[in-house]
J.: 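Sending over a structure as structure tokens; questions will come in a sec.
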Amino acid sequence: MIDLITGNEAAAWGARLAKVDYVPIYPITPQTEIVERLSEWAAKGLIPAKITKMESEHSMVTAAGAAALAGARVFTATSSQGLLYAFEMLYNVSGWRAPMVMVNVSRGLASPLTLLPDHNDVFAARDSGFLQFHAENCQEALDSVILAYKIAEDKRVMLPALVNLDGFYLSYTREEVDIPDDQSVSDFLGNYPVKPLSRENLPSMGITTLDPSVYSYFRYQVHLAQERAKSALKDANEEFKKTFGRSHEPVQGYMDEDADYVLIISDSFTTSARAAIKKLRDKGTSAGVIKLWVTRPFPSEELEKKLRGKKGVAVYDQDLSPGLGGVIYQEVAGALYGKEESPKLASFIGGLGGKPLTELEVEAMLKYLREGDVGQGPHLLFTDSDLKTVRFQMELALKGGGGVKSGRSRL
Amino acid sequence: MGPVNVVFYGRGGQGIKTAGRILGRALFESGYHVQDFPIYGAERRGAPVYSYVAAAPEEVLQRGAPSSADITVVVDKSLLGNLSPSGIGIVNWGAEIPGMLSVDMTSEVAGLSPGAISAVAAGAAAAVIINLPVDKLLIGIEKEVKANKEALEAEERAAIKTYWKIRKSPLPPPIIAPKKEDHLILLQPEEPSLSTPVITAKGTSVLRKTGQWRLVRPLVDREACKACFLCYLTCPEGSIQLDDQEKPLIDYDNCKGCMICQNVCPFKAIRGVPESEVLDQID
């Protein structure tokens with residue numbers, strides 16, 4: 001069934017079709033619509049899930065991980081500050097090898113405060129052991145949730161997964177989404193592989209320990225499972241394509257194959273990048289876009305293959321590690337280091353706090369690449385009118401404006 | 001060619017989000033690829049609300065609000081001072097407004113719920129889009145409007161009437177949004193006083209006048225007022241100050257019209273007048 005639904009609803013549909021058993025929730029903008037929709041469906045008896053409102057995201061992720069090990073397929077969702085509030089539990093549930101799925105509707109981190117998206121929230125979790133998927137559009141939001149279960153629950157993997165979708169640009173945007181039918185998703189996913197706890201079925205999935213060799217052993221197993229997730233992902237994708245007619249490659253190209261220059265990007269602004277590149281192509285610029293759908297496990301091999309022989313690569317980071325630069329730039333540079341025919345790289349920071357990616361910015365990035373001296377970067381994509389907005393608001397914050405001029409306060 | 005972009009400007013309670021969804025649904029039913037989304041400043045009755053619809057025969061290669069629209073529907077005329085329409089402009093107003101097509105949408109839905117105007121606003125935009133037949137508009141209304149059968153039919157009739165009225169009218173020429181010159185700059189490090197987000201002044205809400213949310217305006221009868229300043233003490237927004245006789249001065253830029261002042265006044269010196277009645281007469 002093709003319908004117009006928001007990114008949040010698409011994520012909720014993913015959970016619904018996966019027939020999740022348990023959804024611990026805690027509200028935060030712009031994620032709340034996901035758990036609202038699931039609560040509504042549960043209240044109407046449309047989904048069998050038990051929904052429990054927790055007192056914080058920390059408890060929410062704890063409950064999610066624990067339930068996943070007790071035999072329940074678990075879904076949950078959060079955003080931004082909520083994800084960070086749950087942070088210590090992310091490392092716990094990955095160490096528990098609990099194959100739950102959590103959606104993060106990205107939103108920039110305070111301070112200053114914003115509701116609009118960037119990826120410092122989800123990339124803060126890059127070392128937690130969670131698998132990480134990034135949706136460009138509402139269809140990919142739904143498909144990513146289903147694929148995340150398939151890969152997370154694969155015996156080679158058994159790790160929790162994060163699916164990221166951008167606040168506002170996807171969360172509240174309706175687009176047409178092909179909602180697969182119930183049965184084909186059930187057949188695709190199969191039964192949840194973790195057996196419920198019982199006297200007969202006592203799992204021994206981890207050891208509580210202070211011994212450093214034991215710690216090293218188990219923590220590194222998380223890394224090895226991420227490595228094995230690459231083949232699990234490949235298999236899942238093939239089966240997904242057979243069942244649903246679509247697939248989601250870890251590294252997706254757009255007009256990139258014959259392009260001299262490419263732009264690397266992830267999430268919803270990929271669409272803006274594709275629009276701008278299409279226009280530049282019409283003007284004769286040999287440029288393309290490469291989108292990262294998966295960032296954990298990091299698709300180094302696929303990326304290296306796609307970038308081999310390119311003249312220049314611009315990495316657009318919608319995140320910032322102050323004192324270093326863009327997170328994805330560092331990872332791309334790492335993947336290419338020492339490789340033959342590796343292209344010139346340039347690092348750009350943009351879209352912080354949801355600042356739209358414009359044609360002007362895409363053109364500027366390609367100009368940097370073509371005209372040489374790109375330096376180490378990062379280069380902030382920031383314009384004269386951006387600065388004027390800042391200066392105007394700072395003036396207001398310092399000097400004030402408005403209010404009743406003639407009155408006075410009695411107290 | 002890029003997608004067709006439509007924007008609806010109105011206020012919370014007028015069904016602006018629904019107007020976008022009706023049009024989005026109608027375009028989707030007509031075979032277009034569609035994106036629709038609202039932008040809220042503050043989700044409440046009376047606050048300015050915008051919604052956007054983009055449609056194309058192929059994938060809508062666009063994210064977020066477009067820099068200019070092909071069709072602008074202004075459902076609340078009082079917003080005109082704060083925004084710039086682009087493309088073909090349609091405004092809900094009984095009298096002529098230069099450069100725009102005036103359509104009195106409010107009287108089309110007289111007697112219906114305030115949100116009923118959403119169907120008419122969607123119908124107005126639909127009328128300008130050549131390949132959007134009226135039956136698809138009706139599917140949009142049926143699928144997106146939550147109302148009983150009787151109300152739904154009344155909304156449909158009003159939307160159809162507006163649709164045909166605009167189809168038969170000559171359209172104003174498109175308003176060309178001025179192209180903004182801009183260029184990338186290199187951001188320089190600043191001293192802490194200029195690189196930390198701190199607010200030191202009061203009265204900084206001038207960019208978001210919460211007074212625009214007000215549906216009812218409190219008016220003070222200065223003769224009846226005995227300067228007890230109960231209203232001043234209970235105003236939850238700090239929007240009442242006192243003059244030299246210790247009688248209330250109401251800050252209409254920020255008063256949200258909660259009318260607590262009217263409730264607490266022992267002398268019935270404050271009355272509430274609907275904004276629609278006073279907008280053009282006071283101040």
Side-chain angles (χ1 to χ4, degrees), chain A residues 2-4 6 111-113 116 136-138 166 168-176 268-276 278-279 354 356-361 364 367 379-387 391-404 406-411, chain B residues 2-3 17 20-21 24-25 28 32-40 52-53 59-65 67 143-144 180-187 193-194 196-207 209 229 232-233 238-244 246 248-254:
Chain A
I2 297 179
D3 198 5
L4 279 182
T6 63
S111 159
L113 186 72
L116 294 169
E136 178 188 346
N137 49 43
C138 298
D166 282 341
F168 290 76
Y169 293 94
L170 287 191
S171 69
Y172 301 146
T173 299
R174 288 202 317 181
E175 289 178 331
E176 64 252 44
S268 73
F269 282 4
T270 307
T271 312
S272 319
R274 290 197 291 128
K278 197 170 169 222
K279 280 194 180 170
L357 172 61
T358 61
E359 279 174 41
L360 176 86
E361 292 178 353
K367 194 160 174 262
H379 307 279
L380 178 70
L381 298 169
F382 198 78
T383 68
D384 189 44
S385 77
D386 289 330
L387 187 63
R391 291 291 180 241
F392 173 70
Q393 295 204 12
M394 283 176 80
E395 181 120 333
L396 199 58
L398 294 170
K399 294 182 184 163
V404 175
S406 53
R408 63 186 174 89
S409 291
R410 188 182 167 84
L411 300 176
Chain B
K17 175 179 168 184
R21 289 193 156 195
R25 179 69 65 180
F28 172 66
Y32 285 94
H33 293 267
V34 172
Q35 273 181 18
D36 65 47
F37 61 99
I39 293 210
Y40 320 77
Y52 298 89
V53 183
E59 181 189 8
V60 178
L61 267 187
Q62 189 173 293
R63 282 284 160 220
S67 53
K143 288 203 171 171
E144 302 294 344
K180 284 180 196 137
E181 286 301 318
D182 206 359
H183 58 273
L184 289 184
I185 56 163
L186 194 62
L187 202 58
S193 62
L194 284 177
T196 316
V198 202
I199 300 172
T200 54
K202 57 181 183 177
T204 55
S205 63
V206 289
L207 295 183
K209 289 183 180 155
F229 47 85
Y232 161 75
L233 290 173
S239 290
I240 298 181
Q241 297 207 352
L242 301 176
D243 65 9
D244 45 16
E246 303 202 328
L249 278 174
I250 298 175
D251 169 9
Y252 291 115
D253 275 350
N254 294 296

J.: Would you mind telling me which of V198(B), L187(B), D182(B) has the largest number of heavy-atom pairs within less than 4.5 Å of chain A?
T.: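 Of the candidates given, the most pairs with chain A belong to D182(B).
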J.: Tell me, for T358(A) versus chain B, whether the close heavy atoms (under 4.5 Å) come from the side chain, the backbone, both or neither.
T.: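 Looking at T358(A), nothing touches chain B.
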J.: Let's test your reading of the structure: which of L194(B), V60(B), L186(B) forms the most heavy-atom pairs below 4.5 Å with chain A?
T.: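 With the most close heavy-atom pairs to chain A, the winner is L194(B).
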J.: Which atoms of D3(A) come close to chain B, meaning under 4.5 Å heavy atom to heavy atom: side chain ones, backbone ones, both, or neither?
T.: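 Looking at D3(A), backbone and side chain both touch chain B.
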J.: Find the distance between CD (Q62(B)) and CD (Q35(B)) and round it off to the nearest 0.5 Å.
T.: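 The CD atom of Q35(B) is 6.5 Å from CD of Q62(B), to the nearest 0.5 Å.
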J.: By a 4.5 Å heavy-atom criterion (distance strictly below it), what part of L360(A) contacts chain B: side chain, backbone, both, or neither?
T.: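 It is the side chain, since no backbone atom gets that close.
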J.: Can a donor-acceptor pair be found between the side chains of T271(A) and R63(B) at a distance below 3.5 Å?
T.: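 R63(B) and T271(A) do have a side-chain donor-acceptor pair below 3.5 Å.
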J.: Against chain B, label L170(A) side chain, backbone, both or neither, depending on which of its atoms sit under 4.5 Å from a heavy atom there.
T.: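 For L170(A), side-chain heavy atoms alone lie under 4.5 Å from chain B.
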J.: Measure the spacing between CZ of F168(A) and CD1 of I39(B) and express it to the nearest 0.5 Å.
T.: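 Here the rounded value is 8.0 Å.
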J.: So, taking the atom named NZ in K399(A) and the one named OG1 in T200(B), what distance separates them when rounded to the nearest 0.5 Å?
T.: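 It is 10.5 Å, given to the nearest 0.5 Å.
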J.: If you measure from the Lys or Arg side-chain nitrogens to the Asp or Glu carboxylate oxygens, is any gap between K278(A) and E59(B) under 4.0 Å?
T.: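 No, K278(A) and E59(B) are not salt-bridged.
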J.: Decide if atom CG of L387(A) counts as having more than 12 heavy atoms of other residues, nucleotides or ligands within a radius under 6.0 Å.
T.: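 Yes - once you tally the heavy atoms of other residues, nucleotides and ligands closer than 6.0 Å, there are more than 12.
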J.: When only pairs under 4.5 Å are counted, which of Y169(A), F382(A), F392(A) shares the most heavy-atom pairs with chain B?
T.: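 That would be F382(A).
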